[in-house]
Amino acid sequence: MTATALVVEDDDRDMAAIEDTLSSMRHAFERTTNQADALRALSQRAFDCAILDLRIPARPDRRTADVEFGGNLLRELRQQWTERQLPVIVMADDVGCFGMAKWLIEKGATDFVSTLVSVFFVSGL
């Protein structure tokens, strides 16, 4: 079975690694680069999961990426979909910090990965 992921990532270098990983696993994906476009994509089609960079811009016409916007997106996703309906894997620089990991789980992240680690592995999609 091929899973389809919504990937929310504004950094082209990070996206290349994610794309290679998902493609090698034969998973389909759609990329968005900001909070507004991610919500628009989710309103237009169903995805098996979301892979969310926590530090993203709020809108496509903004270059400023901030954890606040990824956090807001995660909150909105959980208001509309349960974890079972839409698992959300969050990527964040400081996810190794216990406080950040706890915050992500409390906000509804299904799982998380540190973007400081060069290996990105998603299993069970």
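Along the sequence shown, residues carry numbers from 1.
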*Does Q80 have any side-chain contact (heavy atoms from CB on, under 4.5 Å) partners at least two apart in sequence or in another chain, and if so, which?*
L39

*Test M15 against D11 for side chain to side chain contact (heavy atoms under 4.5 Å, CB included), laying out the working first.*
CA-CA 6 Å; M15 186 60 207; D11 184 282; over 6 Å; no

*Give, for atom OG1 of T110 and atom CZ of R84, the distance between the pair rounded to the nearest 0.5 Å.*
12.0 Å

*asked:* Applying side-chain hydrogen bond (donor to acceptor under 3.5 Å, both in side chains), can you list everything that pairs with D10, at least two apart in sequence or on another chain?
replied: none

*asked:* Would I18 and F29 count as a side chain to side chain contact (heavy atoms under 4.5 Å, CB included) here? Give the steps.
replied: CA-CA 10 Å; I18 296 165; F29 62 91; over 6 Å; no

_Has Q44 got a side-chain atom pairing as donor or acceptor with A41's backbone, closer than 3.5 angstrom?_
no

*What pair of heavy atoms forms the shortest contact from A3 to D48, and how long is it?*
CA-OD2, 3.2 Å

*asked:* Please enumerate all residues that pass side-chain contact (heavy atoms from CB on, under 4.5 Å) together with A28, with sequence neighbours excluded.
replied: T2, T4

*Quick one: side-chain contact (heavy atoms from CB on, under 4.5 Å) partners of A38, sequence neighbours excluded?*
L6, V8, T32, L73

*What pair of heavy atoms forms the shortest contact from A50 to L77, and how long is it?*
CB-CD1, 4.5 Å

*Does any non-hydrogen side-chain atom of V90 lie less than 4.5 Å from one of D53?*
no

_Quick one, R78 and K107 - any side-chain contact, counting heavy atoms below 4.5 Å?_
no

_Test your reading of the model: is there a side-chain donor-acceptor pair from R40 to the backbone of S43, 3.5 Å cut-off?_
no

*asked:* Under the rule for side-chain contact (heavy atoms from CB on, under 4.5 Å), what residues qualify as partners of S24, not counting sequence neighbours?
replied: none

_Any residue meeting salt bridge (charged side-chain N to carboxylate O under 4.0 Å, His left out) with R45, in chain and number order, not counting sequence neighbours_ = E30

*Go through R31 and D12 one step at a time and tell me if the salt bridge (Lys or Arg N to Asp or Glu O under 4.0 Å) criterion holds.*
CA-CA 11 Å; R31 177 189 185 187; D12 290 337; 3.0 Å; yes

*Which residues satisfy the side-chain hydrogen bond (donor to acceptor under 3.5 Å, both in side chains) test with E106, sequence neighbours excluded?*
K102

Atom pairs and distances, side-chain donor-acceptor, residues 56-72, under 3.5 Å, sequence neighbours left out:
from, atom 1, to, atom 2, distance (Å)
R59, NE, D61, OD1, 3.1
R59, NH2, D61, OD2, 3.3
D66, OD1, E68, N, 2.7
N72, OD1, R75, NH1, 3.0
N72, ND2, E68, O, 3.3

*Could I get the full list of side-chain hydrogen bond (donor to acceptor under 3.5 Å, both in side chains) partners for E76, not counting sequence neighbours?*
Q35

